[in-house]
Amino acid sequence: MVSKDVEKLLLKVQKPGRYVGGELNEVIKEKDSVDVRFAFCFPDTYEVGMSHLGMKILYSLLNSKDYIWCERVFAPWIDMEKEMTDRNIPLYALESGDPVSDFDFIGFTLQYELSFSNVLNMLRLSNVPIKSSDRKDLRQIVVAGGPCACNPEPLADFIDLFFIGEGEEVDLEVIEVFRKCRKEGKSRSEFLRLCSQIEGVYVPSLYDVEYNDDGTIKSFMPKDNAPAVVHKRIMKDMNTSFYPDNFVVPLVEIVHDRAVQEIFRGCIRGCRFCQAGFIYRPVREKTPDVINEQCKKLCKNTGYDEVSLSSLSSSDYSQIVPLLEKLTEWSKDEKVSISLPSLRVDGFTDEIMNKIKTVRKSGLTFAPEAGSQRLRDVINKNVKEDELLSTCATAFDGGWTTVKLYFMIGLPTETLDDVAAIAKLGQSVVDTYYSCPNKPKGKSVRVTVSASSFVPKPFTPFQWEPQDTINDLHIKQEHIKNSITTKKIQFNYHDADTSFLEAVFARGDRKLCRILELACEKGFHFDGWNECFNLDEWLKLFEECGIDPSFYANRRRSFDEILPWDHIDYGVTKEYLIKECEKAYKNTTTPHCRLKCNNCGAAKYGEGVCFEKCKNMV
Ligand code: SF4
């Protein structure tokens, strides 16, 4: 429920529906009847945040406890931010309309590095001190989780505690400690010290970092009994793990406006550039029965007529065909369509195609990632060109006419020949369409080739690699453009400037806190959006602080350098990542988890794919 002051602003801004709450299934509680108030902040717009599955899960989970009221907060778009600032209206939560500064917990999900400026800006707009050391009482506890928490160091000065790994259990444990501390009159620092003893919690203020003269890390020392290494948490049994039976249904159109059903966590593949493929290990599946029941409940409670089966790679779900059979039993009659995003080239079989064809036919998206077979072997993308072309032929025969292909440029060992191969592969897909005997009559094909720039990420075999310079990336983008000779292919590429800044923060250390603090003072926000991002302005901040951003983005690290995230453990060992990096340089691939266990380290969680029988052992 928004205040009268906010109501007056709504006619002056775009999409006022972003700022009013009141949607179907939002949770309203009596604030005096709860013990703990939690502001779940998504550091991007309403439309982006409302599409995020993690937020839906944690919002429902926290609100399932009668002593917690969790509310939603999104970054106001620039027009609304200006109106609110001009009238001294602080950032507020959608459900109660209360200022964020009133909350016990202010929690952020960190989905991408370019949202870091929004995290600080949201604290500033809430009138909450941005630095952890300036927040003194046992309230306004700023917590963060999500994939970017795997290298928490660039945000170390601002966040009180990070959740490492999956949040479903650990956030409740922290809230329990908070309730106890408040009851016993304990201080904020005592609370943080107690939390540091919980597995999966990292309290950055309890660690001292020393640097070498060359700027690399010399040592990382825990104090006050904090653990030397913080281990991630995972949900071991996905069947019994909490899953919401309803979602807040937005009033304005959002990015993914449909019910989302998680089918498994983790990925069996191990593509060497992909952070998600390593940090979410091991694969843990839900059974088809559990998924089917959860889908039915979601559709009933939200009224959605589309369910998207969510995972890192849907066709790797070991029971995908039985699952689709179960779902089509009722979804056809109820006119609910099932969508399968994240399909692999080798997972689009006739059987799957026929199942999803019965409901809705949208464009197909595949991610070969590299144009040449050599480079696909370097990155361990175990996909062959003939597999891609025969998959496309299957799709064209089945009536599809649009294909999107995702690639990356700037990958380790890449040459201009590898880059030109991207255009060639796009052309081969076009040629495949015209050679298909059963292609749709009278229609032409449309192939979209998208190239993003490779950003080396922590906890991947490429975490030691330099990123290509912006200039090199521009040369490669031009090379693809010039290599495309048909109008049937549309070429899109991602701005290299934003990828550069992403690379800086992805592998940054605590020295970057100063940069983010300055960025906040100067009002930087929405760096993931072209209309707000300005690399030159960021470079001025780096200069002002005497920090060279290419030290973080473009420098090759040695295997024995202490990395800023070395005190965090995601299960996969450093030795394994080094072995994978060395195999990349020999163009050697690694089979996926179901073909052969490669002892990455994730079996220590005692669950998931690591305990299935590998195919080559049967
Ligand atoms: S331990 Fe083996 S099966 Fe388990 S995630 Fe690692 S490589 Fe895969």
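If you're wondering where the values come from, they're calculated on a predicted model, not measured in any experiment. Counting convention: from 1, in listed order, for ligands and their atoms alike.
Protein heavy atom in closest approach to atom 6 (Fe) of ligand 1: Cys600 SG, 2.3 Å. Summary of contacts: the protein heavy atom closest to atom 2 (Fe) of ligand 1 is Cys597 SG, 2.4 Å.
Between Tyr207 and Phe220, the distance separating the two ring centers is shorter than 6.0 angstrom.
Within ligand 1, counting atoms from 1 as listed, the ones closer than 4.0 Å to a heavy atom of Ala603 are 1 (S). Set against the non-hydrogen atoms of Asn598, the atoms of ligand 1 under 4.0 Å away are 2 (Fe), 7 (S).
Of the listed residues (Thr460, Thr590, Thr589), just one forms a side-chain hydrogen bond (donor to acceptor under 3.5 Å, both in side chains) with Arg272, and that residue is Thr590.
Atom 4 (Fe) of ligand 1 has an N, O or S atom of Cys610 under 2.8 Å away, backbone or side chain. For atom 8 (Fe) of ligand 1, the N/O/S atoms of Cys593 include one lying under 2.8 Å.
Between the side chain of Asp569 and the backbone N or O of His231, no donor-acceptor pair lies under 3.5 Å.
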Please report the C-alpha distance between Phe459 and Tyr570 in whole Å, then the side-chain angles of each, then the deciding distance to 0.1 Å, and finally whether the ring-ring contact (aromatic ring centres under 6.0 Å, His included) criterion is met. CA-CA 8 Å; Phe459 296 103; Tyr570 272 82; 4.9 Å; yes
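A distance of 9.5 Å separates CG of Asp160 from CZ of Phe105, quoted to the nearest 0.5 Å.
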